[in-house]
**Q** 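Could you have a look at this structure, given as structure tokens, before my questions?
Convention: sequence-line order gives letters A, B, ...; per-chain numbering from 1.
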Number of protein chains: 2
Amino acid sequence: MRSRSRARIMRATVELVDERGFERTTLGDIAERAGLARGLVSYYFPGKRILLQTSMHRLMHQTLSEALEPLGDDDPPELWLATSIDSVLELAARRPTLMRTHLSLILAPSAEGFIQDVEQKRFGGLLREVLARGGAEDPVADHAVLRSALMGACMGLLLPGAEAEPG
Amino acid sequence: MRSRSRARIMRATVELVDERGFERTTLGDIAERAGLARGLVSYYFPGKRILLQTSMHRLMHQTLSEALEPLGDDDPPELWLATSIDSVLELAARRPTLMRTHLSLILAPSAEGFIQDVEQKRFGGLLREVLARGGAEDPVADHAVLRSALMGACMGLLLPGAEAEPG
DNA sequence: GCCTTATATTGGCTGGAAGCCAATGAACGC
DNA sequence: GCGTTCATTGGCTTCCAGCCAATATAAGGC
């Protein structure tokens, strides 16, 4: 039952942040939408930022997972890779507010540093599996490259909305 | 004398955010470092985010201005452009926390939308002047391109610190 | 079935920080 | 000198994240 409430909290988080943005979403709102008590959110997640990042990793894992579902071992590795990239980009295109918030949090210097949650590991693992299909000699390095490429692509997709504001 | 206190507030903001980051800096801290009353900060700036963005635009204008100082009309337009780009990148390299925070705020979806403060206009104007030296037929379009290129370059420079966290 | 223990869930309390505002002070024109 | 405008102050209010003690519920041991 533990995962049940956790999952509801994460889904509510993604929904609300997509609708209102990060700052305009309170932990109380999230608890309300999830139909749970306020305290439970803090019980499962040690902070608002981490809650959103974990929720995003979960969402991306889920999205990627569904996108890869119809593929089979007879499909070429390139198709697997292309499908993966597409799924992430489509997510960014469909929920720009959410994705911009996520990237913003990654960019923002945090005192907490880097936290390896389970959802994050799952998502990363899935990506590495796809890369391994191509017979990559160094999957870790390739993963880093893909990661950067994905972030760059998302930026390009999302920045037009923000580009009125020069760097 | 109006500009005096305003400038002190902006300088204190840049200093503190560079040292501690955005969230760990309060308006009270800023007022204290500036040697002014807490309320004055809110008197001049309608919010913490806008305060930092305005301060950054001011800082970038100042930095760019100083970098261009030694150049003269006999210097080739390419040197003016290169110097401009270098000054911004050097700023990012020297104060990564500050610059990451700034980019993070640009990326973060804000309810306030886009605010054209004076400092912002000054900085943009200076950049356009540099572009005009090259005899650009469409300085506005070139400005947009330069802007995007600058943001991209800063990202590349700053992301290694954040790249442990996949998109 | 019954007690024990661990885990989930609740609601309230607290500290801190941003936004707001009325009062005070200083400069300046007249 | 006097009023007007702007700068400056400090306190008040509100809101929200983090914390915690109390309660409910599920899970096992016997």
**Q** Flag yes if A/Leu127 and A/Leu79 sit in one hydrophobic cluster, no otherwise; membership is Ile, Leu, Val, Met, Phe, Trp, Tyr, and two members link when side-chain heavy atoms are under 4.5 Å apart.
**A**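 They do share one cluster, since a chain of ILVMFWY contacts under 4.5 Å joins A/Leu127 to A/Leu79.
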**Q** Thinking salt bridges, do B/Asp29 and B/Arg20 make one under a 4.0 Å N-O criterion?
**A**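 Looking at B/Asp29 and B/Arg20, the cut-off is met.
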**Q** Does C/dC21 have OP1 or OP2 sitting under 4.0 Å from an N or O in the side chain of B/Tyr43?
**A**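 No, no such contact exists.
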**Q** So does B/Arg49 pair up with A/Glu23, basic N to acidic O under 4.0 Å?
**A**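 Here B/Arg49 pairs with A/Glu23 in a salt bridge, since their nearest N and O are under 4.0 Å apart.
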**Q** Provide, to the nearest angstrom, the distance between the CG atom belonging to B/Leu40 and the P atom belonging to C/dC20.
**A**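 Checked: the CG to P distance equals 15 Å.
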**Q** What pairs with B/Ser104 under side chain to side chain contact (heavy atoms under 4.5 Å, CB included), at least two apart in sequence or on another chain?
**A**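 B/Ser104 satisfies side chain to side chain contact (heavy atoms under 4.5 Å, CB included) with A/Ser104, A/Leu107, A/Ala108 only.
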**Q** May I ask you to say whether A/Asp73 pairs ionically with A/Arg133, meaning some side-chain N is under 4.0 Å from a carboxylate O?
**A**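 Salt bridge flag = yes for A/Arg133 with A/Asp73.
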**Q** Output all residues satisfying salt bridge (charged side-chain N to carboxylate O under 4.0 Å, His left out) with A/Arg33, sequence neighbours left out; order by chain, then residue number.
**A**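 Here the qualifying residues are A/Glu15, A/Glu19.
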**Q** Give the nucleotide from the list D/dG10, C/dT10, C/dA8 with an atom nearest to the side chain of A/Leu36.
**A**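 Selected nucleotide (nearest to the side chain): C/dT10.
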**Q** Rounding to an integer number of Å, can you tell me how far B/Ile9 CD1 sits from D/dA7 C1'?
**A**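 Distance, rounded to whole Å: 11 Å.
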**Q** For nucleotides 15-19 of chain D, print each protein N/O atom paired with a nucleotide N/O atom at under 3.5 Å, atom names and distance only.
**A**
residue : atom : partner : partner atom : Å
D/dA17  : OP1  : A/Lys48 : NZ           : 3.1
D/dA17  : OP2  : A/Leu27 : N            : 3.0
D/dG18  : N7   : A/Arg38 : NH2          : 2.7

**Q** Under 3.5 Å, which donor-acceptor pairs link side chains of residues 88-97 of chain A to any protein atom two or more places apart or in another chain?
**A**
none

**Q** Under the salt bridge (charged side-chain N to carboxylate O under 4.0 Å, His left out) rule, collect the residues that match up with A/Asp138, sequence neighbours excluded.
**A**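 Not a single residue meets the salt bridge (charged side-chain N to carboxylate O under 4.0 Å, His left out) criterion with A/Asp138.
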**Q** Rounding to an integer number of Å, can you tell me how far B/Asp29 CG sits from C/dG16 C1'?
**A**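 Distance, rounded to whole Å: 11 Å.
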**Q** Nearest whole Å is fine: how far is C/dG19 P from B/Ile30 CD1?
**A**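 Nearest whole value for this atom pair: 11 Å.
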**Q** Starting from Watson-Crick (N1-N3 plus N6-O4 or O6-N4) and G-U wobble pairs under 3.5 Å, report the runs of at least three that DNA chain D belongs to.
**A**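 Correct response: C:1-30 with D:1-30.
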**Q** I want to verify a distance call: between D/dA7, C/dG11, C/dA8, whose nearest atom is closest to the A/Tyr44 side chain?
**A**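 It is C/dA8.
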